[in-house]
Amino acid sequence: MPTELRNRGNVGQPAAPSVDVMRVVSVNVGLPRTLPWKGREVTTGIFKTPVDGRVRIRRLNLDGDRQADLSVHGGAAKAVYAYPLEHYAWWREQLGEEIPPGGFGENLTVEGLPLEQEVAIGDRFRVGTAELVVTQPRLPCYKLGLRFGREQMVKRFLASRRTGYYLAVEVEGDVEAGDRVEILSRHPAGMPVAEVVRVFATDRDDVATIERLVALDALPDDWRAYFAKKLS
């Protein structure tokens with residue numbers, strides 16, 4: 001395991017990044033594969049492997065990367081999935097196992113970027129030569145349990161609030177491990193990714209926040225429709 005993936009993260013709630021440089025630690029891609037799971041065959045693209053060299057980031061995914069079930073995965077609003085390196089040490093302690101880069105199915109393992117409590121829906125970043133915009137948190141499906149061989153992993157992942165986040169591609173470009181990340185702009189609404197998870201998972205009667213989410217133009221339409229239905 002690379003030395004970057006050792007001795008990071010914390011045990012309580014995630015803290016703000018302590019590094020001065022925002023960077024890409026690993027670029028990870030993978031093609032769908034079919035595996036047995038609970039007595040049936042399941043096709044999943046959650047298994048990602050780090051790759052060397054520059055990788056093209058396109059509107060719907062990275063070169064060499066594909067999703068299996070396009071009804072819930074992929075699409076322009078979920079073109080790139082980023083997961084903070086800062087969370088890895090906490091998960092190693094919780095699970096008692098080493099986790100390689102890309103272990104959570106992320107395309108970009110990143111370090112130093114704002115974590116879920118700070119990064120906002122609509123924030124824009126330059127990653128390599130691409131320009132990406134934060135769209136939503138990652139909500140895990142049962143295939144995360146398949147990836148770790150732990151049926152309870154989905155609930156544990158959501159409860160941890162260490163979800164990472166999806167990004168849409170505003171300007172195509174390329175990226176490789178070691179590239180710096182630059183904040184281009186922060187969305188004026190300042191709605192943290194963690195707030196979407198909070199009102200989705202636990203505080204479902206927080207009408208004021210739900211109203212803000214419904215009005216948030218940077219949030220994908222399916223999320224806004226979901227919260228609008230909650231209001232009605």
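Since the model is a prediction, treat every value here as computed from it, not as a measurement. FYI, the numbering just counts along the sequence from 1.
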Which donor-acceptor pairs under 3.5 Å do side chains of residues 29-41 form with protein atoms, sequence neighbours excluded?
| from | atom 1 | to | atom 2 | distance (Å) |
| --- | --- | --- | --- | --- |
| T34 | OG1 | T43 | OG1 | 2.8 |
| K38 | NZ | E151 | OE2 | 2.8 |

- Task: Kindly check if the number of other-residue, nucleotide or ligand heavy atoms within 6.0 Å of CZ (R59) is above 12?
- Result: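 For R59, atom CZ is crowded (more than 12 foreign heavy atoms under 6.0 Å).
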Does any non-hydrogen side-chain atom of [Y] lie less than 4.5 Å from one of [X]?
X	Y	value
P101	V25	no
V127	D179	no
V21	R180	yes
V199	K230	no
H187	I121	no

Point-to-point distance, once rounded to the nearest 0.5 Å, from [atom1] of [X] to [atom2] of [Y]:
X	Y	atom1	atom2	result
S232	F227	OG	CZ	13.0 Å
Q136	L167	CD	CG	10.0 Å
R66	L60	CZ	CG	9.5 Å
R126	L132	CZ	CG	10.5 Å
D65	N107	CG	CG	4.5 Å
L62	K48	CG	NZ	9.0 Å

What is the minimum heavy-atom distance between [X] and [Y], and which atoms define it?
X	Y	result
P220	A77	CG-CB, 4.0 Å
V197	P137	CG2-CB, 3.5 Å
E106	Y81	CA-CD2, 3.3 Å
I57	V175	CD1-CG1, 3.6 Å
R186	V119	NH2-CA, 4.0 Å
T129	D174	OG1-N, 2.8 Å

- Pairwise side chain to side chain donor-acceptor pair (under 3.5 Å) hits with a residue in residues 192-206, at least two apart: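 Checked against side chain to side chain donor-acceptor pair (under 3.5 Å) - neighbours excluded - the pairs reaching residues 192-206 are R161-T202, E195-R198, R198-D203, R198-D206, R198-T209, D206-T209.
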Taking [Y]'s backbone N and O only, do any of them form a donor-acceptor pair with [X]'s side chain (distance below 3.5 Å, no angle check)?
X	Y	value
E116	T163	yes
R156	L95	no
E86	G112	yes

- Item | All ring pair (Phe, Tyr, Trp, His ring centres under 6.0 Å) counterparts of F47, not counting sequence neighbours |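 Ring pair (Phe, Tyr, Trp, His ring centres under 6.0 Å) list for F47, sorted by chain: empty.
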- Task: Identify, with sequence neighbours excluded, every residue that meets ring pair (Phe, Tyr, Trp, His ring centres under 6.0 Å) alongside F200.
- Result: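 Residues passing ring pair (Phe, Tyr, Trp, His ring centres under 6.0 Å) with F200: W223, Y226.
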Under a 4.5 Å side-chain heavy-atom rule over Ile, Leu, Val, Met, Phe, Trp and Tyr, are [X] and [Y] clustered together?
X	Y	result
V133	M191	no
L108	I183	yes
V207	V214	yes

- Establish, yes or no, whether the cationic atom of R138 lies under 6.0 Å from the six-membered ring centre of F157 and within 45° of the ring axis.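 Verdict for F157: a cation-pi partner in R138.
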- Task: For the pair T109 and N28, evaluate side chain to side chain contact (heavy atoms under 4.5 Å, CB included) and give the outcome as yes or no after the intermediate values.
- Result: CA-CA 8 Å; T109 310; N28 318 296; 3.1 Å; yes
- Task: Taking side chain to side chain donor-acceptor pair (under 3.5 Å) as the test, write out the residues that go with E176, two or more places apart.
- Result: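 So E176 forms a side chain to side chain donor-acceptor pair (under 3.5 Å) with R54.
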- Query: Which pairs count as ring-ring contact (aromatic ring centres under 6.0 Å, His included) when at least one residue sits in residues 102-121, sequence neighbours excluded?
  - Reply: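 Matches after skipping sequence neighbours: Y83-F104, Y88-F104, W91-F104, F104-F148.
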- Query: Does a salt bridge link E131 with R124, judged by any charged N lying under 4.0 Å from a carboxylate O?
  - Reply: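 Yes.
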